[in-house]
Enquirer: 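The structure is given below, and queries will be raised subsequently.
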Amino acid sequence: MSKPNGDVHCSEMQTRLQDTIQAQTFESLRRSAHAQKVAAKSVVWKDGMEQPEIGILCQGYLRFQRNGLDGRRQIVGLVVPGDIVGERVCRRSDMSLEAATDATIYWFDRKVYDALLRSDPLLRRKHYLNSMAQVDRLRWLTLMIGALRPNERVATLLLSGKFFMPWRAQSHDRGVLTLALNRRDIADMLATTPETICRTLKAFEKEGLIEMIDPVQVRVLDRAGLVARAALTEESAGLADIMQPDRAIETSAA
């Protein structure tokens with residue numbers, strides 16, 4: 001269900017936008033915006049549908065996906081809260097954009113957005129940095145699939161997950177990660193199977209690297225051990241910029 005234009009009071013939208021663009025620009029976007037609540041597994045866009053407006057994902061996760069010649073689904077990109085939505089979806093006819101979880105998107109009138117993009121350098125900066133974060137995330141995913149073994153991919157996901165999924169820090173190197181994506185989505189994103197994901201998590205738990213509190217909550221006990229399992233020399237701080245677009249903007253500003 002969508003709210004009518006001009007009736008948007010979204011604290012999430014304020015969190016994602018207000019502190020990084022001019023106040024007048026934010027108000028113009030707010031007046032042109034409408035909210036779309038998307039249920040998990042719903043199609044946001046696919047070939048043949050009308051080109052969407054441009055917006056920002058405030059809550060939840062979306063997935064770019066395609067089916068291979070063998071019929072197997074492949075998740076080729078993940079849209080995380082703070083991402084700009086609506087630019088890439090029409091460039092590939094064999095891809096679709098679906099909700100991986102329940103999600104909230106705030107769509108803006110494209111003509112209004114484009115005009116503000118020309119007039120507000122801060123909005124242009126946010127748009128550029130966000131686009132680069134999405135490209136870097138695609139490169140990260142491609143490299144991970146091409147260069148790492150399945151258990152290394154899972155370890156890398158656990159290390160990077162705290163930058164784009166719920167994370168409750170408990171000490172400098174320990175905390176609880178909530179796996180916001182289901183096993184099938186994780187498996188299709190990492191080019192493996194749900195069974196491999198489950199076996200790898202159980203193996204990591206047996207080694208004392210993690211504790212499975214429940215099927216979706218993972219307590220990280222040994223970060224250094226996960227770094228070693230991920231075949232990394234150290235946990236890259238750049239993972240934060242790649243996986244969390246808002247952080248990329250904050251880091252650049254600093």
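Any value given below was found using the heavy atoms of this structure, including those in side chains, with hydrogens, waters and symmetry copies removed. The structure presented is a predicted model; accordingly, all values stated were derived computationally and were not measured.
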Enquirer: Using atom types as modelled and distance alone, determine if a side-chain donor or acceptor of Arg153 lies under 3.5 Å from a backbone N or O of Ala191.
Expert: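 Yes, because the side chain of Arg153 sits within donor-acceptor range (under 3.5 Å) of the backbone of Ala191.
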Enquirer: Going by the rule side chain to side chain donor-acceptor pair (under 3.5 Å), which residues pair with Arg183 if we only count those two or more places apart in sequence or in a different chain?
Expert: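 Checked Arg183 against side chain to side chain donor-acceptor pair (under 3.5 Å); zero matches.
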Enquirer: Thr142: what forms a side-chain contact (heavy atoms from CB on, under 4.5 Å) with it, not counting sequence neighbours?
Expert: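 Counting only residues at least two positions away or on another chain, Thr142 forms a side-chain contact (heavy atoms from CB on, under 4.5 Å) with Leu138.
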Enquirer: Quiz question: by atom type and distance under 3.5 Å, do the side chains of Thr196 and Thr193 form a donor-acceptor pair?
Expert: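 Yes, because at least one side-chain N or O of Thr196 sits under 3.5 Å from a partner of the opposite role on Thr193.
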Enquirer: Report, one line per pair, each donor and acceptor closer than 3.5 Å where one atom sits in a side chain of residues 167-178; sequence neighbours left out.
Expert:
from: Gln170; atom 1: OE1; to: Arg219; atom 2: NE; distance (Å): 3.1
from: Ser171; atom 1: OG; to: Arg174; atom 2: N; distance (Å): 3.2
from: Arg174; atom 1: NE; to: Leu221; atom 2: O; distance (Å): 3.2

Enquirer: Can Lys41 and Asp185 be counted as an ion pair, charged N to O under 4.0 angstrom?
Expert: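 Looking at Asp185 together with Lys41, the answer is no, because their closest N to O distance does not fall below 4.0 Å.
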Enquirer: Please give me the minimum heavy-atom distance between Ala99 and Val44, naming the atom from each residue.
Expert: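 What the structure gives for the nearest pair is N-CG2, 4.4 Å.
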Enquirer: Do you know which two heavy atoms are closest between Leu117 and Arg124, and how far apart they sit?
Expert: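 Heavy atoms of Leu117 and Arg124 come nearest at O-CG, 2.6 Å.
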Enquirer: What closest approach, in Å, do Leu123 and Ile21 show between heavy atoms, and which atom pair accounts for it?
Expert: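 Shortest heavy-atom contact: CA-CG2, 3.8 Å.
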Enquirer: Taking the six-membered ring for Trp and the single ring otherwise, decide whether the centroids of Tyr113 and His127 are under 6.0 Å apart.
Expert: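 Tyr113 vs His127: aromatic centres under 6.0 Å.
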Enquirer: Quick one: does Asp102's side chain have a donor or acceptor within less than 3.5 Å of a partner on Ala40's backbone?
Expert: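 Present.
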Enquirer: So, taking the atom named CD in Glu211 and the one named CG in Asp222, what distance separates them when rounded to the nearest 0.5 Å?
Expert: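 Going from the CD atom of Glu211 to the CG atom of Asp222 covers 13.5 Å.
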Enquirer: Taking only residues two or more places apart in sequence or in another chain, which ones pass side chain to side chain donor-acceptor pair (under 3.5 Å) with Asp109?
Expert: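 Listed in chain order: nothing, the list is empty.
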Enquirer: List the residues meeting salt bridge (charged side-chain N to carboxylate O under 4.0 Å, His left out) with Glu152, not counting sequence neighbours, and say none if there are none.
Expert: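 Counting only residues at least two positions away or on another chain, Glu152 forms a salt bridge (charged side-chain N to carboxylate O under 4.0 Å, His left out) with Arg149.
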Enquirer: List the residues meeting ring pair (Phe, Tyr, Trp, His ring centres under 6.0 Å) with Tyr61, not counting sequence neighbours, and say none if there are none.
Expert: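 If we apply the ring pair (Phe, Tyr, Trp, His ring centres under 6.0 Å) test to Tyr61, skipping adjacent residues, there are no hits.
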